[in-house]
Protein chains: 4
Amino acid sequence: MTNTNTNDPSEDTWELAGRTLRSRLIVGTGKYADGPETKACLAASGAEIVTVALRRVDLKAKDNLLSWIDRERYTLLPNTAGCYTAEDAIRTLRLARELGIADLVKLEVIGDPKTLLPDNEETLEAAKILIDEGFVVLPYCTDDPIVCRKLQDLGCAAVMPLAAPIGSGLGIRNPHNLALIIEQATVPVIVDAGVGTASDAAVAMELGCQGVLMNTAIAHAKRPVQMAEAMRLGILAGRQAFLAGRMPRRMHAHASSPTIGLIE
Amino acid sequence: MTNTNTNDPSEDTWELAGRTLRSRLIVGTGKYADGPETKACLAASGAEIVTVALRRVDLKAKDNLLSWIDRERYTLLPNTAGCYTAEDAIRTLRLARELGIADLVKLEVIGDPKTLLPDNEETLEAAKILIDEGFVVLPYCTDDPIVCRKLQDLGCAAVMPLAAPIGSGLGIRNPHNLALIIEQATVPVIVDAGVGTASDAAVAMELGCQGVLMNTAIAHAKRPVQMAEAMRLGILAGRQAFLAGRMPRRMHAHASSPTIGLIE
Amino acid sequence: MTNTNTNDPSEDTWELAGRTLRSRLIVGTGKYADGPETKACLAASGAEIVTVALRRVDLKAKDNLLSWIDRERYTLLPNTAGCYTAEDAIRTLRLARELGIADLVKLEVIGDPKTLLPDNEETLEAAKILIDEGFVVLPYCTDDPIVCRKLQDLGCAAVMPLAAPIGSGLGIRNPHNLALIIEQATVPVIVDAGVGTASDAAVAMELGCQGVLMNTAIAHAKRPVQMAEAMRLGILAGRQAFLAGRMPRRMHAHASSPTIGLIE
Amino acid sequence: MTNTNTNDPSEDTWELAGRTLRSRLIVGTGKYADGPETKACLAASGAEIVTVALRRVDLKAKDNLLSWIDRERYTLLPNTAGCYTAEDAIRTLRLARELGIADLVKLEVIGDPKTLLPDNEETLEAAKILIDEGFVVLPYCTDDPIVCRKLQDLGCAAVMPLAAPIGSGLGIRNPHNLALIIEQATVPVIVDAGVGTASDAAVAMELGCQGVLMNTAIAHAKRPVQMAEAMRLGILAGRQAFLAGRMPRRMHAHASSPTIGLIE
């Protein structure tokens with residue numbers, strides 16, 4: 001799927017739903033202080049795709065948020081943040097389509113207003129119907145290999161397992177699950193939610209993910225624009241390290257064989 | 001000590017023994033397949049300082065290894081790899097000085113040929129004598145806050161605690177110790193040895209280290225030149241994230257207060 | 001739910017589906033070398049409940065496995081290991097009920113023959129129907145707080161999230177998820193699968209679980225009977241530590257406040 | 001050194017400085033609320049050896065603390081807590097010997113009043129002199145394999161590396177270092193300081209340590225006597241698990257070979 005024999009990052013592209021992308025960082029547009037900060041963070045991140053919560057924007061009005069996003073530069077990925085049932089998410093997306101959004105959407109069905117963890121059961125149900133209706137679905141889900149396999153079997157264009165709860169900044173809680181998901185994946189695996197700092201993003205890429213989606217880690221850093229730049233670099237670093245093929249872990253240099261596994 | 005209020009990485013310099021440096025990555029010159037690979041890896045790493053084992057080079061001869069290192073571009077940091085006593089390290093450095101090396105040296109006194117772990121006791125003894133003789137000493141040591149404080153009190157120009165044993169690739173085994181070392185540091189803290197991949201380098205920088213020194217992680221990657229580039233990016237990513245100030249860790253977005261500490 | 005103000009372990013009982021239990025360790029009966037080893041391990045574990053795979057035993061015949069389990073001493077918990085759909089699990093349990101098993105059952109719907117990870121979607125569907133039919137359902141599931149909440153809302157008598165994949169011995173991969181599950185639980189939380197050694201069992205109890213279910217960690221230890229004893233002790237140790245209330249984590253003794261959270 | 005082929009914990013003894021011991025838990029006597037709590041915690045812990053800070057007790061007077069310790073039941077292990085130099089520790093022990101303490105002592109030379117981390121350099125110097133003077137020395141040190149090897153080469157009767165700083169409750173910060181120390185040990189390895197809860201003690205024993213020494217984890221638990229019991233059980237659990245030989249870690253049950261190492 002990707003060019004793996006290169007040292008030139010500019011040639012390392014990937015495919016998502018028919019688009020050829022260079023950036024592996026997808027960023028959210030919520031939680032920033034204001035429009036100029038939003039604009040500066042998107043630019044510093046190098047993102048080519050940005051998500052927008054359908055519940056938060058007024059697609060008909062000359063919305064404040066959208067006016068800060070250069071539509072020539074960024075592909076908008078509308079998401080269903082704030083939906084708690086398959087029905088709710090489906091209705092929101094149908095309405096948005098009537099108002100002119102494109103088919104590529106991020107499906108997010110939340111199971112709990114406190115933790116904001118996804119409801120995989122409702123997500124599976126919604127994905128099935130939305131794909132039947134011609135949407136190109138990128139679903140947010142837990143790091144559950146069985147759910148990810150079902151979502152890709154339904155025809156989702158990617159799977160987007162979380163690293164940790166939305167807004168937690170806890171980083172990749174279960175790299176073992178991500179490794180199982182990546183091993184079986186036939187579509188891109190994009191880590192969505194829970195990343196807290198640049199090394200978390202690098203770890204996701206080193207595990208073999210195709211991309212990372214984040215919002216709070218940038219927006220709630222002390223200096224959001226600088227963190228957007230750090231995340232851009234962290235994604236590149238992790239991706240290059242993955243392509244480079246890391247040395248094996250050993251107890252020490254003179255250990256006769258690598259005795260320590262890839263997963264900690 | 002460093003410019004912390006910038007978003008322009010080119011302005012983020014640091015001081016080591018009177019030198020102003022831009023790169024925070026110091027690389028070793030051993031373990032590469034050949035001269036051209038050495039040269040390419042050094043270039044890709046962006047390093048400004050490279051270490052050379054005095055035991056492995058012939059300073060008088062037109063040495064193969066040294067011929068691949070552009071002396072205009074890189075500051076050579078001779079090290080005492082292979083020395084097992086203070087006496088041995090001191091003798092090696094005195095001899096090298098007679099043959100023309102500069103005063104800036106990496107002091108390495110090994111305690112065990114199997115694990116290659118440092119002998120802090122001998123290192124402290126050697127550092128004291130070498131500093132008295134005018135050397136500018138950068139000592140390799142364990143991640144022991146008491147030893148690091150003693151080394152800086154002796155007048156070492158930096159402290160270089162390990163992340164894990166040389167050649168292990170295990171990454172930062174004890175971030176808690178590194179945090180204690182950084183908290184008390186009056187000289188740069190450079191993580192030396194044990195880094196395995198780009199995210200490890202990023203983590204070191206996010207903890208607040210001033211630099212990272214590595215060799216095997218680059219030389220023993222499947223594609224060393226690409227890993228050198230990954231490490232360059234990982235250091236930049238971690239440094240920018242440190243300057244940006246990461247979001248607090250929380251159980252979830254709606255946790256009333258950050259309940260999860262900085263150290264895992 | 002449990003007596004928390006005691007130092008006498010014999011008074012620390014818990015309730016599961018109307019039964020008052022002393023032991024918090026539930027063990028499987030598969031994977032042992034032979035009948036005598038099975039019998040000795042069950043005895044050493046101190047378990048009061050043991051699981052039996054319906055697919056592996058012949059309930060009508062004088063089965064070899066069952067003949068080694070003292071029915072006066074142990075409550076049998078039939079499970080649906082090997083079932084891959086809700087329909088399959090339901091049919092298996094209906095048939096078993098006709099042949100005389102009691103209502104208390106462990107529901108296990110597997111999603112993948114390789115990882116043996118549970119299929120939560122099918123598990124939820126099966127749980128709903130089985131509870132309607134009068135079964136008392138203990139469901140095996142992933143460590144997903146939303147799924148666990150749904151299972152308890154359906155009327156399951158406990159929730160049994162995994163620590164790691166069946167037979168992996170990886171221990172508790174995501175203590176953060178378990179903490180969220182325990183925080184919301186209205187029924188006992190029993191960690192099921194993935195425990196590898198005694199400290200893993202202790203950690204589960206220290207997090208606040210009511211019990212642990214395991215099989216491979218005992219059966220595939222070098223000395224299974226001794227590991228059964230170790231697990232019995234590990235469960236007791238973790239439970240007592242939970243009741244005792246651990247000291248806070250701090251950077252060091254003189255840190256002015258605990259700065260390191262409960263979850264690592 | 002120990003009986004490894006048994007399932008009867010009462011037969012699993014170990015040797016420390018010529019004594020045959022059953023309990024592998026050594027406890028401190030500081031930080032308790034009062035004498036009765038001290039007495040109850042010592043009893044619940046099952047310890048056979050208890051440490052006493054020479055700086056805190058008045059060996060000549062009918063000291064309050066000592067009056068709560070049954071000298072028939074417990075071997076007193078005087079320690080040099082509060083000493084910051086080799087000279088200070090040596091003087092303290094010489095004086096105590098004149099006042100009648102036995103030869104078995106815990107050597108503790110602190111390097112920093114804030115972190116209470118040991119000063120290995122001073123500890124090595126003091127150990128050498130004290131052993132020459134006939135003391136049987138159990139030295140507190142960092143988890144540094146080179147220092148531990150030197151201490152055992154000097155003739156120490158055990159090595160006592162820390163798990164984490166005194167009073168931190170952080171548990172075993174660097175199991176990799178402990179594994180290296182145990183691998184080379186010719187004397188018992190006793191983890192000293194940093195344990196926070198019962199599973200930490202179990203982990204130490206599972207790594208192959210011979211014993212664990214603790215104080216704050218018991219004294220600063222909400223219910224100290226119950227935590228003392230939890231620690232007693234945790235040590236037994238970990239020891240039995242070590243003797244039983246744990247199953248290998250695998251990605252999942254059907255992984256063709258164990259791919260995940262012993263050290264995390």
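Just so it is clear: chains get the letters A, B, ... in the order the sequence lines come, proteins before strands, and each one is counted from 1.
- Of all heavy-atom pairs spanning Leu243(D) and Arg223(C), the tightest one is O-NH1, 2.7 Å.
- Side chains of Gln240(D) and Glu229(C): a donor-acceptor N/O pair is absent below 3.5 angstrom, by distance only.
- Here the CD1 atom belonging to Ile218(D) is positioned 11.5 Å from the CE atom belonging to Met247(C), to the nearest 0.5 angstrom.
- Once rounded to the nearest 0.5 Å, the distance linking CZ of Arg250(D) with OG1 of Thr216(C) reads 10.0 Å.
- With chain D as the partner, the residue from Pro224(C), Ala244(C), Ala202(C) showing the most heavy-atom pairs under 4.5 Å is Ala244(C).
- Pro113(C) touches chain D through its backbone: at least one of N, CA, C or O sits under 4.5 Å from a heavy atom, while the side chain does not.
- In this structure, Glu206(C) contributes its side chain and Ser199(D) its backbone to a donor-acceptor pair below 3.5 Å.
- Between Thr115(C) atom OG1 and Met251(D) atom CE the span is 10.0 Å, to the nearest 0.5 Å.
- Atom CD1 in Ile235(D) sits 12.0 Å away from atom CG in Leu233(C) (nearest 0.5 Å).
- The shortest non-hydrogen separation linking Ala230(D) to Ala241(C) is CB-N, 3.4 Å.
- The nearest pair of heavy atoms linking Ala237(D) to Ala198(C) is O-CB, 3.7 Å.
- Listed here is the closest heavy atom pair of Leu116(C) and Ala253(D): CD1-CB, 4.2 Å.
- Between the CD atom in Gln226(D) and the CZ atom in Phe242(C) there is a gap of 10.5 Å [rounded to 0.5 Å].
- How far OG of Ser168(D) is from NE2 of His252(C): 9.5 Å, rounded to the nearest 0.5 Å.
- Between Arg246(C) and Gly169(D), the closest heavy-atom pair is NH2-O, 2.8 Å.
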